[in-house]
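Every number for a ligand or one of its atoms is a count from 1 in the order of the listing. Every heavy atom of this structure was used, including side-chain atoms; hydrogens, water molecules and symmetry mates were not.
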Amino acid sequence: MLDDAMKIYMAPLQSYTTGFYRLAHARTYGKMDKYFTPFFEENKEGTKGLDLYPELSEKYNKDLHCIPQVATNQADFLINFARQAKEIDYQEININMGCPFPMLVKRQRGGGILKHPELIQEMLESYFTQGIDVKVSVKMRMGTDSPEQGKSIVKILNNYPLEELIIHPRLVTQKYNGQPDWQAFGELCELSHHKIIANGDITSKDTANTIIENFPGINGIMIGRGLLIQPELPFAIRGIQYDQPILFDFHDHYFRLILQYYQDWNRSFNFLQNFWHYPLQTSQNLKRLYRQLKKHNKPDSYQLWLTTVKKSIL
Ligand SMILES: Cc1cc2nc3c(=O)[nH]c(=O)nc-3n(C[C@H](O)[C@H](O)[C@H](O)COP(=O)(O)O)c2cc1C
């Protein structure tokens, strides 16, 4: 049985782990230790108060330990983001230093910032000298295009009182290809003075246990795609079993939350497609069902499609 002190977090995945998803997941399976929102970016969000985003509204995050994430290299934006988050009762924010989206990387944000230690240092120096009462954690890859970059960044991060450091040991240039480099992860852990959370390709209880056994000093693990494929995975890792598959209860919670919010079938349907994307990738038959989904884009037809999925999964 996994030690309770070992934390399990839900990773942020833009368009997938939305507020609706996180809340429906918690109501169905139980609460995870922490949730991270997909990243907010400056320019778009700078013009609108954070309290206006359903992603952050109390309705979808009440009683969940949720951390708003930001992708920036600007101290002013970071400070403003933290202050706005505090106003709506968030105590911690997370900085994205890993996203491989080319538009972000080109602008030295997300995974692109790892090549610019000077920007990280300036931003954190300014943040921490202002004494803002909002904790900061960082989620990073092991470099933009070289693992040496991750090492220099970890040394810089050591100068600041971060809440924790989440490491996904891939380079930004790898996107999601190849394997995470767990040896490089170990080296970064040794260099870091912070609490470490391991992230990347945790898709089963066995992978989780191997990482925890190989790196006993870490504080937790973060799961993204493994959870989207198998939403019960974080609880299976803790040894919790459900009497019956409850994927469809999860779906029903999620479906209700979306329809209530949008009151519009077409917009809701996009979210439903995202919900089914990962669970229906595990066999040729399920992939074929997923491809058929886009033709079932009307409420009655969707219900018929769902019946076929139920028969294939249960
Ligand atoms: C479609 C997609 C969207 C993602 N969006 C974010 C994001 O908004 N913020 C972030 O920090 N990471 C994001 N990630 C990265 C994941 O949080 C995670 O670090 C990565 O998928 C590796 O973990 P996993 O193998 O458990 O999924 C995204 C990944 C994918 C595939």
N/O donor to acceptor pairs below 3.5 angstrom from side-chain atoms of residues 158-167, sequence neighbours left out:
from: Asn158; atom 1: OD1; to: His193; atom 2: N; distance (Å): 2.8
from: Asn158; atom 1: ND2; to: Leu191; atom 2: O; distance (Å): 2.9
from: Tyr160; atom 1: OH; to: Glu125; atom 2: OE1; distance (Å): 2.5
from: Glu164; atom 1: OE1; to: Tyr9; atom 2: OH; distance (Å): 3.0
from: Glu164; atom 1: OE2; to: Tyr9; atom 2: OH; distance (Å): 3.0
from: Glu164; atom 1: OE2; to: Lys34; atom 2: NZ; distance (Å): 2.9

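- Cation-pi geometry between Arg141 and Tyr176 is met: the NZ or CZ atom falls under 6.0 Å from the ring centre, inside 45° of the normal.
- In this structure, Trp265 contributes its side chain and Asn297 its backbone to a donor-acceptor pair below 3.5 Å.
- Contacts of Glu118 classified as side chain to side chain donor-acceptor pair (under 3.5 Å), with partners at least two apart in sequence or in another chain: His116.
- For ligand 1, the 4.0 Å heavy-atom shell contains residues Ala11, Pro12, Leu13, Gln14, Tyr16, Pro38, Phe39, Gln69, Asn96, Lys139, His168, Tyr176, Asn199, Gly200, Asp201, Ile223, Gly224, Arg225, Tyr278.
- Partner of Gln91 under the side chain to side chain donor-acceptor pair (under 3.5 Å) criterion, out of His65, Lys135, Lys86: Lys86 alone.
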Which side-chain N or O atoms in residues 276-285 pair as donor and acceptor under 3.5 Å with protein atoms at least two apart or in another chain?
from: Trp276; atom 1: NE1; to: Tyr302; atom 2: OH; distance (Å): 2.9
from: His277; atom 1: ND1; to: Tyr16; atom 2: OH; distance (Å): 2.6
from: Gln281; atom 1: NE2; to: His277; atom 2: O; distance (Å): 3.0
from: Ser283; atom 1: OG; to: Leu286; atom 2: N; distance (Å): 3.1
from: Asn285; atom 1: OD1; to: Arg288; atom 2: NH2; distance (Å): 2.4

